[in-house]
Participant: 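Okay, here's the structure, questions in a sec.
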Number of protein chains: 2
Amino acid sequence: MDAIDERIIEMLQANARESFATIGKSVDLSAPAVGKRVKQLEEKGFILGYSLRLNHEKFGVKTKAYINLKIHQSSTIKTALNQIKYWNEVQRCDRITGEDSLLVLAYFKSNKELITLLERISQYGIPTTRIILES
Amino acid sequence: MDAIDERIIEMLQANARESFATIGKSVDLSAPAVGKRVKQLEEKGFILGYSLRLNHEKFGVKTKAYINLKIHQSSTIKTALNQIKYWNEVQRCDRITGEDSLLVLAYFKSNKELITLLERISQYGIPTTRIILES
DNA sequence: AATCAAACATGGATGCTATCGACGAGAGAA
DNA sequence: TTCTCTCGTCGATAGCATCCATGTTTGATT
C-alpha cells in the first residue's frame, strides 16, 4: 500500500469499471502494472469487490428509516443481528453500545413494508423507528 | 426496467467489473444488447455509478461509531448536514425524525480521531456517541 | 385486420483491454 | 559481491466493448 495504490483505489472508487490503461496513464504506469497491483490489493484483502451505486428511489424506495432495537434478552443479540442483516430491506445492521443494542438501517417501498418489518422485528425486541428526512 | 434489467443489475451488484459478454450468457442476450441496456440504466438514472467494496479495517479503521447530534438551533440543521457529510471520516449523515436531528456514521483510525470529530461537531449541537461493536 | 413506427436484438468489424510470459532494473540481505 | 525478491516494461494473444447495418418484435393507430 503506497501512494500509487491509494490513487488507484481512489480512481476505482470513483468508477470501478475504469480501464487499467486509463488508470495507468493517470498514475504513470503501464496497464499490466496497474492490473498486477489491483490483483494484489484483492488478494491481500484491501479490495473486497466491485459494486453498483444505485438510485434506490428509482427502484421504488419511498421511505428510509433507522430502527433502534432494544433486545429482550442480551443472549440473543448475536442471533438477531445475524438474521436481520440478511433481510431484503435491510441495508445495515450494527450492534452498538448504549440502551438499544441493535441499529438497523432499512429502505422501504411503502409504509406497509415498514410496518411488516416492524412486526417481524418485534420478536427480537422493542423497536424505535426514526425516519430519514434527507441525506 | 424488466426482469432482464433486474438480473443484469443483480450481477453487476455482485461484481461491477463483470464483462457484458459474461452477463449476456447468463441472461441469454448478446454482449451489445447488455451494453445498451446498461447504458440506458445509467442514462435513466437507475445506475449512479460503479464503486469499490473496501475492507476498511485493512486501511487502519479501528473504530466505527454512530453519532447522534442534537442541533442547537433547528435552522442550522441543513447547513450542518451539508457540511458534515463531506468530512473525511463520515460515511453517512442523515437528517432524522425524533429528539436528535442528525445521525452520523463515521469510521476512525483511532480514538483520537473520534475525539477530534466530536470536538468539531460540537459547534452544531450536542453529540451522543454509540460505538459499533460488530456488524 | 392491416399497417406503421418505435424499441430492441443480432452479427460482423474494429479498436481497446486484460493478462500472460519473458525479461530487466533496483533494493535489501547474506 | 552476489543472490533473491519485488516490481516494472514490452510484445503477443485472446477476449471485450462498441459501432453500424440489418432484422425482429411489440403494440398502438387507423
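Naming convention: chains lettered A, B, ... in sequence-line order (proteins, then strands); numbering from 1 in each chain.
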Participant: To the nearest Å, give me how far apart OH (Tyr50(A)) and P (dA18(C)) are.
Facilitator: 11 Å
Participant: Mind calculating the distance between NZ (Lys44(B)) and P (dA7(C)) to the nearest angstrom?
Facilitator: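 It works out to 9 Å between those atoms.
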Participant: Can you check the Lys39(A) NZ to dT19(C) C1' distance for me, whole Å?
Facilitator: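 In whole Å, dT19(C) C1' and Lys39(A) NZ are 9 Å from each other.
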Participant: Could you tell me the separation between the CG atom of Leu29(B) and the C1' atom of dA7(C), rounded to a whole number of Å?
Facilitator: 13 Å
Participant: Has Ser30(A) got a side-chain N or O lying under 4.0 Å from the OP1 or OP2 atom of dG8(D)?
Facilitator: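 So the side chain of Ser30(A) is outside the cut-off, no N or O lying under 4.0 Å from OP1 or OP2 of dG8(D).
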Participant: Report yes or no: is there a donor-acceptor pair, N or O only, under 3.5 Å between the side chain of Lys36(A) and the base of dT6(D)?
Facilitator: no
Participant: Ring centroids only, cut at 6.0 angstrom: are Phe59(B) and Phe46(A) within range, meaning strictly under it?
Facilitator: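 Yes - the distance between ring centres of Phe59(B) and Phe46(A) falls below the 6.0 Å cut-off.
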Participant: Closest approach to the side chain of Ala33(B), judged atom by atom: which nucleotide of dT19(C), dA9(C), dT17(C) is it?
Facilitator: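 Closest of the options to the side chain of Ala33(B): dA9(C).
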Participant: Looking only at side-chain atoms of Gln40(A), point me to the closest of dC7(D), dG8(D), dA17(D).
Facilitator: dC7(D)
Participant: Which pair of non-hydrogen atoms, one from Thr97(A) and one from Thr129(B), has the smallest distance, and what is that distance?
Facilitator: OG1-O, 4.5 Å
Participant: Take atom CG of Asn15(B) and atom C1' of dC16(D), then tell me their distance rounded to the nearest Å.
Facilitator: 15 Å
Participant: Less than 6.0 angstrom from the centroid, inside 45 degrees of the normal: does Arg130(A) satisfy that with respect to the ring of Tyr66(A)?
Facilitator: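 Geometry flag: not set, cation outside 6.0 Å or 45°.
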Participant: Measuring from the side chain of Ala31(A) (C-beta onward, heavy atoms only), which nucleotide among dT19(C), dT9(D), dC16(D) has the closest atom?
Facilitator: dT19(C)
Participant: Side chain of Ala21(B) only, please: which of dC8(C), dA17(D), dA18(C) is the nearest?
Facilitator: dA17(D)
Participant: If you check every side-chain atom of Arg37(A), which of dT17(C), dC7(D), dT18(D) has the closest atom?
Facilitator: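 The answer is dC7(D), which lies nearest to the side chain.
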Participant: What is the distance from CD1 of Ile4(A) to C1' of dT9(D), rounded to the nearest Å?
Facilitator: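 Going from CD1 in Ile4(A) over to C1' in dT9(D) covers 14 Å.
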Participant: Rounded to the Å, how far apart are Leu41(B) CG and dC8(C) P?
Facilitator: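 Result: 11 Å.
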Participant: Separation of Asp2(B) atom CG from dA7(C) atom P, in whole Å?
Facilitator: 15 Å
Participant: Donor-acceptor pair, distance only, cut-off 3.5 Å: does the side chain of Lys62(B) make one with the backbone of Glu57(B)?
Facilitator: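 Looks like no, no N/O pair under 3.5 Å.
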Participant: Would you mind checking if Arg7(B) and Asp5(B) are paired as a salt bridge, meaning a charged N to carboxylate O distance below 4.0 Å?
Facilitator: no
Participant: Side chain of Pro32(A) only, heavy atoms from C-beta on: which candidate in dG11(D), dC8(C), dA9(C) is closest?
Facilitator: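 The answer is dG11(D).
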